[in-house]
**Student:** 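Got a structure for you, questions after.
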Amino acid sequence: MVRVRFAPSPTGYLHLGGARTALFSWLWARSQGGRFVLRIEDTDRARHDEASAEAILESLRWLGLDWDEGPEVGGDFGPYFQSERRDIYRLFAEKLVARGVAYRCYATPEELKAARDAHTASGSKAPFKYPGLWRDRTDWPDNQPYAIRLKVDARGQTGWNDLVKGRIDIPNQTQQDFILLRSDGLPLYNFGCVVDDLSMKIDVVARGDDHVINTPPQLLIYEALGQEPPRFAHLPMILSPNGEKLSKRHAAVSVLEYRDAGYLPEAVLNYLARLGWSHGDQEIFSKEELVRLFSWESVGTSAARYDAKKFLHVQATHLRQQSPERLAELVRDALSSDAAIDTRWLEDGTLDKAIATAISRAATVPEVVDTIRYALLPKPVLDASAGAKFLTEAACALLADFATLLEGLPTWESSALEAATQDWLAARDLSMKALAQPARVALTGQSKNAGLFEILDVLGLARSRERLRAAGSALPSGDEGVSS
RNA sequence: GUCCCCAUCGUCUAGAGGCCCAGGACACCGGCUUUUCACGCCGGGUACGCGGGUUCAAAUCCCGCUGGGGACGCCA
């Protein structure tokens, strides 16, 4: 059974790049009927905190990337926090020392810094490498802290067949006797990673491109341990719109920000999947399709740039594909903290009708709320400039007459209502335009919204009449808080 | 500086030697629809970085160059 892991370090929120790595890993596990393992890499205590770990779990939960083993759910290969696995790392490291492929290094960070500085001062162009101070020594001092380093043979090269990039070989000359275990007993990234992947029986490791350089040292560790390495999949980076490393300056990078902005998790998944992965000309995918169609072969090799407009388009498309029930649920949730609305309109069908009219002009849930809110308030919030432009004295008089027409109609059925209105307009030699805009503003407070007859249908006769007549008397208003 | 990765429209990409004087999507520009704004529909422009090979044939294979990105920690 395939075992794939996602191993974030809790240094902050889960960003887009991490989310995509998690997604691809999850997709592979699910498509293979395998296990998706979540491990928290929190060995660098200085930079880590609980809140970050929780934010990452929350992000994954929201995205629907459920894990079979890891924090909260446990599993047979725990613990799933590196900070709780110190004994395991120590054990592996000492085993390597005993076997003679790794050694204790008593050099202090200060000594090493001095050596590094000297190297820099010498003007040498070669990168600094640990000079092998303790490589062959066994005169270990008592009670001194020591790090454990791997003995690396500088000859030859180390390589692997990457699942997305193909064959990669890196000369061992570029390696050095790197540290496995720090003097404080905590493992360095490469070592902790290998020990955990090994003891958690992971067989596919997917991670960002920036880890390509970590792979040779890890391979060397597997070799020293006498173990088979897993397969690696290095995903190209997600860059900012101008090609730099994606950061907060360029976009919302935390997935939770998209949740809060009213994006749908499936839309985030879809957009992320299409950044670097493709399936012919198809752009829109459900989560199930992604699982069915995903493969490493169709993951691209070059970096992709983040494009907010395309993301929004994908989001809008997914929003429009939601069932009326789900949509209503999402809108209700968004409305739950809105004290101004009259909850009676939530239950009598008004909400559902209103949502149906809003869906073509909204890309996110908050945008749906913006366009239908008029129908849930006792009276509309008037947009000042729309009011000034359309609610002229003449227009208000017309609206009052229109209200009278509506009151006299035998039916509230939209097509009949429209026919009657057309006749009424024709008799006065007026265009639809002359009525629609003032009416829209009177009814919704906004100059941009659904079609007039849709709005009338949403509001019903009583509320429509009231608003049309109020336009003449109470306006221009502003006491509700004028939005522009 | 050293090592590694990458290279098709503005952006995401399709393309695994002839189907490609390069297809789709977003964006952009026109138009239609029209009661505003959208949605929708129709149409348009724009790309294989450069130079060498290999081949009857190259966006596709090879080499070089250029350009971009990444990594060079007792960080992850």
Side-chain angles (χ1 to χ4, degrees), chain A residues 7-11 41-44 46-48 82 105 107-109 112-113 116 124-130 145-149 162 165 168-171 173-176 178-184 186-190 192-193 207-216 234 236-237 239 241 243-245 271 274-284 297-298 300-314 316-317 320 357-363 367 371 386 390 418 421 431-437 439-441 444 446-455:
Chain A
S9 70
T11 52
E41 308 222 325
D42 56 350
T43 51
D44 182 11
R47 293 168 58 199
H48 296 160
Q82 285 193 327
C105 172
T108 63
L112 290 171
K113 177 160 193 319
R116 188 183 305 274
S124 165
K125 285 176 180 162
F128 174 75
K129 282 170 78 164
Y130 170 73
Y146 60 89
I148 293 179
R149 289 181 183 268
D162 198 90
K165 289 178 181 290
I168 298 177
D169 285 293
I170 295 173
Q173 296 222 8
T174 62
Q175 303 299 330
Q176 59 174 321
F178 56 87
I179 289 178
L180 265 20
L181 210 61
R182 306 198 293 211
S183 51
D184 64 3
L186 288 170
L188 232 49
Y189 171 72
N190 281 328
C193 189
R207 58 188 19 168
D209 225 346
D210 48 341
H211 282 284
V212 164
I213 210 70
N214 285 318
T215 309
H234 287 98
M237 313 249 73
L239 269 23
E244 300 168 322
K245 197 163 182 171
Y271 180 67
R274 283 289 292 105
L275 237 38
W277 174 86
S278 62
H279 179 71
D281 286 340
Q282 191 173 342
E283 296 286 349
I284 301 300
E297 292 78 59
S298 39
T301 48
S302 55
R305 299 188 190 201
Y306 172 86
D307 181 354
K309 288 206 173 123
K310 178 127 185 198
F311 193 174
L312 190 61
H313 172 261
V314 170
T317 305
R320 284 167 199 146
T357 71
I359 203 65
S360 74
R361 63 206 98 222
E367 285 173 13
T371 87
F390 295 108
E418 180 165 0
T421 302
S431 70
M432 188 67 200
K433 205 168 202 155
L435 170 68
Q437 275 303 73
R440 190 169 357 256
V441 174
T444 71
Q446 303 164 317
S447 60
K448 302 171 186 176
N449 212 306
L452 176 54
F453 300 101
E454 290 179 299
I455 295 170

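This one's a predicted model, so the numbers in the text were calculated from it and none came from an experiment. Residue numbers begin at 1 in each chain, while the letters A, B, ... track the order of the sequences.
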**Student:** What nucleic acid atoms does G243(A) come within less than 4.0 Å of, heavy atoms only: base, sugar-phosphate, or nothing?
**Tutor:**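 Sugar-phosphate, backbone atoms only, no base.
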**Student:** At under 4.0 Å between heavy atoms, how does the protein contact nucleotides 23-28 of chain B? Give one character per nucleotide, 5' to 3', with B, S or -.
**Tutor:** BBBSS-
**Student:** Could I get the full list of side chain to side chain contact (heavy atoms under 4.5 Å, CB included) partners for T317(A), not counting sequence neighbours?
**Tutor:**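 Partners of T317(A) by the side chain to side chain contact (heavy atoms under 4.5 Å, CB included) criterion, ordered by chain and then number, come out as I284(A), H313(A), Q321(A).
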**Student:** Atom CD of E297(A) and atom C1' of G15(B): how far apart are they, to the nearest Å?
**Tutor:**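 Roughly 16 Å, once rounded to whole Å.
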**Student:** Can you pull every protein N or O that's under 3.5 Å from an N or O on nucleotides 5-9 of chain B?
**Tutor:**
| from | atom 1 | to | atom 2 | distance (Å) |
| --- | --- | --- | --- | --- |
| C5(B) | O2' | K165(A) | NZ | 2.6 |
| C6(B) | O3' | T301(A) | OG1 | 3.4 |
| A7(B) | OP1 | T301(A) | OG1 | 3.2 |

**Student:** Tell me which nucleotide among C74(B), C3(B), U36(B) gets nearest to the side chain of I170(A).
**Tutor:**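 It is C3(B).
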**Student:** For Y130(A), is the NZ or CZ atom of R149(A) found under 6.0 angstrom from the centre of its six-membered ring and inside 45 degrees of the ring axis?
**Tutor:**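 Ring-cation test returns yes.
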**Student:** Among C12(B), C37(B), C3(B), which is the nearest nucleotide to the side chain of L275(A)?
**Tutor:**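 Out of C12(B), C37(B), C3(B), the nucleotide with an atom closest to L275(A)'s side chain is C12(B).
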**Student:** Expressed in angstrom and rounded to an integer, what is the separation of F128(A) atom CZ from G1(B) atom P?
**Tutor:**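 Taking atom P of G1(B) as the reference, CZ of F128(A) is at 21 Å.
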**Student:** Need the pair for C41(B). Rule: Watson-Crick or G-U wobble, both distances under 3.5 Å, any strand; none if unpaired.
**Tutor:**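 Across all strands, the one nucleotide that pairs with C41(B) is G31(B).
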**Student:** So for atom NZ, which belongs to K129(A), do other residues, nucleotides or ligands contribute more than 12 heavy atoms lying within a distance under 6.0 Å?
**Tutor:**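 Count over threshold, so yes.
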**Student:** Kindly write out the residues that satisfy salt bridge (Lys or Arg N to Asp or Glu O under 4.0 Å) with E41(A), not counting sequence neighbours, or none if the list is empty.
**Tutor:**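 With neighbours one apart ignored, the set is R39(A).
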**Student:** R361(A) side chain: which of U35(B), C37(B), C74(B) is closest?
**Tutor:**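 Out of U35(B), C37(B), C74(B), the nucleotide with an atom closest to R361(A)'s side chain is C37(B).
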**Student:** Holding to salt bridge (Lys or Arg N to Asp or Glu O under 4.0 Å), I want the full list of residues that pass it with K310(A), two or more places apart in sequence or in another chain.
**Tutor:**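 Testing K310(A) for salt bridge (Lys or Arg N to Asp or Glu O under 4.0 Å), a comparison that skips the adjacent residues, returns E283(A).
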**Student:** Taking only residues two or more places apart in sequence, or in another chain, which ones meet D209(A) in a salt bridge (Lys or Arg N to Asp or Glu O under 4.0 Å)?
**Tutor:**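 If we apply the salt bridge (Lys or Arg N to Asp or Glu O under 4.0 Å) test to D209(A), skipping adjacent residues, the hits are K165(A).
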**Student:** Going by the rule salt bridge (Lys or Arg N to Asp or Glu O under 4.0 Å), which residues pair with E418(A) if we only count those two or more places apart in sequence or in a different chain?
**Tutor:**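 Checked E418(A) against salt bridge (Lys or Arg N to Asp or Glu O under 4.0 Å); zero matches.
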**Student:** Using purine N1 to pyrimidine N3 plus N6-O4 or O6-N4 for Watson-Crick, or N1-O2 and O6-N3 for G-U wobble, each under 3.5 Å, what pairs with C20(B)?
**Tutor:**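 Checking every strand shown, C20(B) finds no partner, since no pair has both distances under 3.5 Å.
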**Student:** Applying side chain to side chain contact (heavy atoms under 4.5 Å, CB included), can you list everything that pairs with A358(A), at least two apart in sequence or on another chain?
**Tutor:**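 For A358(A) the side chain to side chain contact (heavy atoms under 4.5 Å, CB included) partners, ignoring immediate neighbours, are V368(A), T371(A), I372(A).
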**Student:** Return the nucleotide paired to U2(B): Watson-Crick means purine N1 to pyrimidine N3 with N6-O4 or O6-N4, wobble means G-U with N1-O2 and O6-N3, both under 3.5 Å.
**Tutor:**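 Across all strands, the one nucleotide that pairs with U2(B) is A71(B).
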**Student:** Applying the Watson-Crick and G-U wobble criteria at under 3.5 Å, what pairs with U54(B)? Answer none if nothing qualifies.
**Tutor:**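 Here U54(B) is not engaged in any pair, so there is no nucleotide opposite it.
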**Student:** Suppose we screen for side chain to side chain contact (heavy atoms under 4.5 Å, CB included). Which residues come up paired with S360(A), at least two apart in sequence or across chains?
**Tutor:**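 Per chain and number, S360(A) pairs via side chain to side chain contact (heavy atoms under 4.5 Å, CB included) with no residue.
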